[in-house]
Amino acid sequence: MTTSDSPLSRDDRRTELREFLRSRRARVSPADVGMPDGGRRRTPGLRREEVAVLAGVGVSWYTWLEQGRDIKVSEQVLDAIARALLLGSAERAHLYRLAGLNPPQTPSAPSAAPSPEVRRLLDAWSPRPGYVRDRHWNFTAVNDAARVVFGYGDSDHNCLVSFFTNARYRVLHRNWAETATDVAAAFRADAARYPDDPEFGRIAADLAADSPEFAELWARHDVAEHTSAVKAVDHPDAGTMIFDATLLPLPEHPGHHLILHNPRPGTDTQQRLEALLRQHSLVVPHPG
């Protein structure tokens, strides 16, 4: 799918494409791709003709692409050029964007434990709630603050399932009914990213059998994507707390997200949160 940029941004993109391809070509030697040296070279790296041969495209066409001309490109040809220039995954995605195409969806990783760095971040985030979920919305790590604030227990293994079936969480969440529509729609949007993954359908079918509310919402086929949200919690011990929730993708585990909750400015959530955690004998760091 082609992106819709302004004429100026298209010109800038073509300039960047020209420079990017030249720089990638210059760093690859004939020996790197199993080609003969072909004698002395005025400039380092592969010649345009050699890239065209390796990619299986016409020399004139590749020259026009490298010159940033307005020509039609396909995913197959860009993949062939990426292979010819030995591009990494990030470079390949960059080539797609410069050529005006959306990069292919990165395959998600199977559920994996967070790295030690992410775990330290999650622990350091206390007394603020935070957790990590995989592409199926399974919890892979939950900090103590999230357990205390949202009522997550040992039986909570999946964020979606807990939202619709954890009675304690449902009571705590002030705007549960309004939020439920967005939650179901967001899970359907994630499922659409992986159409060949049957696990999404299994989770949805099992949950629909247990939750009439989810079954009704799932049948609507609504779709929504969110990278942030506001969560209001009416906690029996701490009163009303309002959080800004932010979803952060974890590049080392595609499909996984770190969800961090921050007390909303202009509220007394931070003070209520610290008092709540002290009740549960959890350490509250002091600013300093």
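Under the 30°/60° scheme for interplanar angles, the aromatic rings of F139 and Y152 are found to be tilted. Ring geometry, W218 versus F187: the interplanar angle falls from 30° to 60°, so the pair is classed tilted.
At a threshold of 4.5 Å between non-hydrogen side-chain atoms, the residues P129 and L273 count as touching.
Between the side chains of H253 and D134, no donor-acceptor pair of N or O atoms lies under 3.5 Å. Counted by atom type alone, D32 and S29 present one or more donor-acceptor pairs between their side chains at under 3.5 Å. Side-chain atoms of D190 and W137 include a donor-acceptor pair closer than 3.5 Å.
Without hydrogens or angle criteria, D156 side chain to G153 main chain gives a donor-acceptor distance under 3.5 Å. For the pair S211 (side chain) and A208 (backbone), a donor-acceptor distance under 3.5 Å is absent.
Under the 4.5 Å side-chain heavy-atom criterion for ILVMFWY residues, no single connected hydrophobic cluster contains both V149 and L121.
Between A80 and A55, the closest heavy-atom pair is CB-O, 3.4 Å. Closest of all the heavy-atom pairs between R128 and N143 is O-ND2, 3.0 Å. Looking at every heavy atom in both residues, A184 comes nearest to L217 through CB-CB, 3.9 Å. Heavy atoms only, all atoms of each residue included: H256 and S111 are closest at NE2-CA, 3.6 Å.
Here the two rings, on F163 and W176, have centers that are under 6.0 Å apart. Between F150 and H173, the distance from one ring center to the other does not fall under 6.0 angstrom.
A salt bridge links R202 with E199: the closest approach of a Lys/Arg side-chain nitrogen to an acidic carboxylate oxygen falls below 4.0 angstrom.
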